[in-house]
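Atom set for the values below is all heavy atoms of this structure, side chains included, hydrogens, waters and symmetry mates excluded. Everything numeric in this text was worked out from a predicted model, so none of it was measured. The sequence lines fix the lettering, A, B, ..., with proteins before strands; numbering per chain opens at 1.
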Number of protein chains: 2
Amino acid sequence: MSKLDDKFARLGVDSAPGQEVRQEIEAPDFHGPQLDGTPVDFSHGDVNAFPPIPGSLQTFAEGFEEGAEQAYTEYRGRQTLRESLAQKLSEFTSAPIDAERELILTPGTQGALFLAMGASISSGDAVAIVEPDYFANRKLVEFFEGELVPVQMNYLDTRDGSGLDLTQLEESFQSGVKLFVFSNPNNPTGVIYSHKEVAAIANLAQQYGVTVIADQLYSRQIFDGRDYTHLRGLGLASPDNVITIIGPSKTESLSGFRLGVAIGPSRIVDRMEKLQAIVSLRAAGYCQAALHNWFSEPGDWMATRIAQHQAIRDDIYALLDAAEGFVARLPEGGSYFFPTIPPIGLDIVDFSKALRLQAAVGVTPGTEFGPQFTSSFRVNFSQDHEAAVAAMQRTVELVERYRLPSGKAAKLGSR
Amino acid sequence: MSKLDDKFARLGVDSAPGQEVRQEIEAPDFHGPQLDGTPVDFSHGDVNAFPPIPGSLQTFAEGFEEGAEQAYTEYRGRQTLRESLAQKLSEFTSAPIDAERELILTPGTQGALFLAMGASISSGDAVAIVEPDYFANRKLVEFFEGELVPVQMNYLDTRDGSGLDLTQLEESFQSGVKLFVFSNPNNPTGVIYSHKEVAAIANLAQQYGVTVIADQLYSRQIFDGRDYTHLRGLGLASPDNVITIIGPSKTESLSGFRLGVAIGPSRIVDRMEKLQAIVSLRAAGYCQAALHNWFSEPGDWMATRIAQHQAIRDDIYALLDAAEGFVARLPEGGSYFFPTIPPIGLDIVDFSKALRLQAAVGVTPGTEFGPQFTSSFRVNFSQDHEAAVAAMQRTVELVERYRLPSGKAAKLGSR
């Protein structure tokens, strides 16, 4: 069983968002008094602060009452829903979608990522991922026994695009990468890839025959009226090598229904459905009905929601910007900050434990997003506005408590 | 990509239950008039005929209203629910369960099977499966690149137990099998393993260090007051090598919520949770709330439901027993018949297409359950009673239409 032991050792979830309750803490040497305040779990969004799209429970109930038709859908999801979503999503992404062949409903975008990756690689295939990027990407590559090829995103060095190292990306493609996975807006930094960057990705993928999975989970939550480029809408890439993933779990707060969508070439979607048939059959039938209001939200519901998140972002940014030794880039989309903190006397995993125990604040350690992010943590700021700002103040205060003398700070802070 | 092409070619789902709508039929030479009647899809149960446990929508809605706590549970499922289920299931299976370490909620029992198998084998491991047995078992072995070792169940040769070939099972264990998967009651035949057979499986597994996955999805629907032996309740096997799978999708009709449970040693459950974290995160949070009434059904609701199924079974059995050339064993539990039909001029997949097109009856071809079952099909008789009996009459009539001369029938019918 050692091969399996080894494999699962690489799939650790102890620091994964929402799993912190399972940590068995051997209380490290945390000093100082408790920092009181409303507990905030920044590891994921708070659906109490930002509830689901109005009417979601009602459409679920209607699906339930409809009975068999909604309970047992095709593995790729109910046809009428796929048709309606294909229309909405082709408009959103500026490219046509064949509802019958090119779209599949999945149990969350996590399910979409799993199926898409399983349909695209087999053991030994090289997969390029971005650092930092969504932590499950690297775990999925491990699970499918692929070879991880990291490509750096210098998100702190630029205000024009993501800072993805395109030279490194091309080198990875040259070296035989089969698949490239990236999230846009980026999770955890909140940066948006520029049109130029997305076009470069498309051209390189075309040139080297690489399949691309674009995780666009946050692509409806764009701040400051910025431009957003859909890879599949470029008209540049061969549509045969692009899989687009999106879902209503974040901005729209439908995570409790576990729903996602993947759009891709029929060859890949067929494989994803075959895989879904043995993984979980389908996204829960009744839950699928809750998709009815997605992309059909009432009036200015989405605009209001985005503005509310932008306001929280601004207050947290002001706070981080003023905090000594912190470096943070202003998120352009999505609900995440990924600040770098000054050198402290705890490693980032222990710091996140101290923060939870001493300040009732949950964050995700940077090392979940790449081994080099030992001075960063991720916060999901989709929270009660006031509580989030207060929790970030406590976080800054706790960093200060564990901070090392400034000589070290200056040295390491320059990265 | 040829390795992947090959892998997915072995994962075909065209004849899988519920996927028939995706078949592109090149109308074969089906002759004779339409057989009219209420359409019946025997490929899965009809939740309109047998609706979910009363109050399921209500408990879902309460979970939804509860908000964040129910939306974002631990990957293994909400703690309070696991505690309540551990109590109910330990009573049901006659063996204790540690709610914190030994139980995980999954997206359906399909999800439980996938995670359990993924946590137990790696590529090249030999896996024993029963023929016939649930079709996904063999596909899962293919997906995880295991080596399939079939063990025959001579279900037509015995009325005492399942007819599992225990000699063949021991030989497979001797030859190095790592994992044995079986469903009890058996899907598709509806036979129950005797106490002696279950004890033999437990002893052999113990002796050869084989892990066993017992899929007990139908173990609450037992007919004629028969005994049922829970492998994990035997007190014989080392509990460290038994994984038990159960869920509310069948008798209880909660399939539209996609819920399952696996009980196993903490080592395996931990791995299953790690895998779940990258496959779909968790069983849909709000759906988990619908488990509240499971094993707490009102009054004699379960007894009535079982009696209703037993009555349908009896009527269909009488019909099959009287049909010339048919061989069927009376199901002892679950909702399936797996009759053998007399030789006809169509292969079983084409026959199932003809049946759907000419008689509005859906069945699952026997070849989904093992390549040798070319003269069998599976029906799920959890349907409207009257419609099911009428549909089975049409099925018998259509077999008669395509039947070959009796000389061939006698020759092949002797198996």
Side-chain angles (χ1 to χ4, degrees), chain A residues 3-4 7-8 11-13 16 18-19 21-22 44 46-48 51-52 56-57 60-61 63-65 67-68 70-75 79 106-108 110-111 113-114 119-123 136 139-140 143 255-258 270-271 273-275 277-287, chain B residues 3-4 7-8 11-13 16 18-19 21-22 44 46-48 51-52 56-57 60-61 63-65 67-68 70-75 79 106-108 110-111 113-114 119-123 136 139-140 143 255-258 270-271 273-275 277-287:
Chain A
K3 187 173 157 193
L4 264 183
K7 182 168 177 170
F8 280 93
L11 292 178
V13 291
Q19 289 300 99
V21 291
R22 295 200 71 78
H44 58 73
D46 180 0
V47 299
N48 296 342
S56 297
L57 179 59
F60 176 97
F64 177 90
E65 299 297 352
Q70 193 63 59
Y72 285 87
T73 73
E74 285 175 65
Y75 298 150
Q79 190 182 354
T106 59
Q110 184 68 50
L113 259 179
F114 179 84
S120 308
I121 58 165
S122 58
S123 60
K139 290 178 184 171
L140 283 163
F143 175 73
S255 180
F257 293 95
R258 292 279 77 213
D270 285 351
R271 283 184 183 172
E273 182 176 48
K274 285 181 173 189
L275 197 42
I278 58 169
V279 170
S280 64
L281 294 186
R282 59 179 73 80
Y286 302 140
C287 288
Chain B
K3 188 173 157 193
L4 263 183
K7 181 168 177 171
F8 280 93
L11 292 179
V13 291
Q19 289 300 100
V21 291
R22 297 200 70 79
H44 57 74
D46 180 359
V47 299
N48 295 343
S56 297
L57 179 59
F60 177 96
F64 178 88
E65 299 298 353
Q70 192 62 58
Y72 284 88
T73 73
E74 285 175 64
Y75 297 150
Q79 189 183 356
T106 59
Q110 184 67 51
L113 259 179
F114 179 84
S120 308
I121 57 166
S122 59
S123 60
K139 290 179 183 170
L140 283 164
F143 176 74
S255 180
F257 293 96
R258 293 280 77 214
D270 284 350
R271 284 184 183 171
E273 182 175 49
K274 284 180 174 189
L275 197 42
I278 58 169
V279 169
S280 64
L281 294 187
R282 60 179 72 79
Y286 302 141
C287 288

Inset, instruction - On the 0 to 90° scale, with breaks at 30° and 60°, tag the Tyr286(B)-Phe257(A) ring pair as parallel, tilted or perpendicular. - result: perpendicular
Inset, instruction - Quick one: closest heavy-atom pair of Ile278(A) and Leu140(B), and the distance? - result: O-CD2, 3.6 Å
Inset, instruction - Locate the shortest heavy-atom distance separating Ala68(B) from Asp46(A); write the atom from each residue and the value. - result: CB-OD1, 3.8 Å
Inset, instruction - Mind listing the closest non-hydrogen atom pair of Arg282(B) and Arg258(A) along with its distance? - result: O-CD, 3.4 Å
Inset, instruction - Output the distance between atom OG (Ser123(B)) and atom CG (Leu4(A)), rounded to the nearest 0.5 Å. - result: 9.0 Å
Legend entry - Top of Pro51(B), Gly256(B), Ala71(B) for chain A proximity - count of heavy-atom pairs under 4.5 angstrom: Gly256(B)
Legend entry - Side chain Asn48(A), main chain Gly67(B), donor-acceptor under 3.5 Å: no
Legend entry - Selection from Phe114(B), Phe64(B), Tyr72(B) maximising heavy-atom pairs under 4.5 Å formed with chain A: Tyr72(B)
Legend entry - Which portion of Glu65(B) sits near chain A, non-hydrogen atoms under 4.5 angstrom: side chain
Inset, instruction - In sequence, state the C-alpha distance, the side-chain angles, and the governing distance for Gln110(B) and Val279(A), and then conclude on side chain to side chain contact (heavy atoms under 4.5 Å, CB included). - result: CA-CA 6 Å; Gln110(B) 184 67 51; Val279(A) 170; over 6 Å; no
Legend entry - Spatial distance of atom CZ (Phe8(A)) from atom CZ (Arg271(B)) [nearest 0.5 Å]: 6.0 Å
Legend entry - Among Pro52(B), Gly108(B), Cys287(B), residue most engaged with chain A (heavy-atom pairs, under 4.5 Å): Pro52(B)
Legend entry - Distance, nearest 0.5 Å, that separates CZ of Phe60(A) from CG of Leu57(B): 6.5 Å
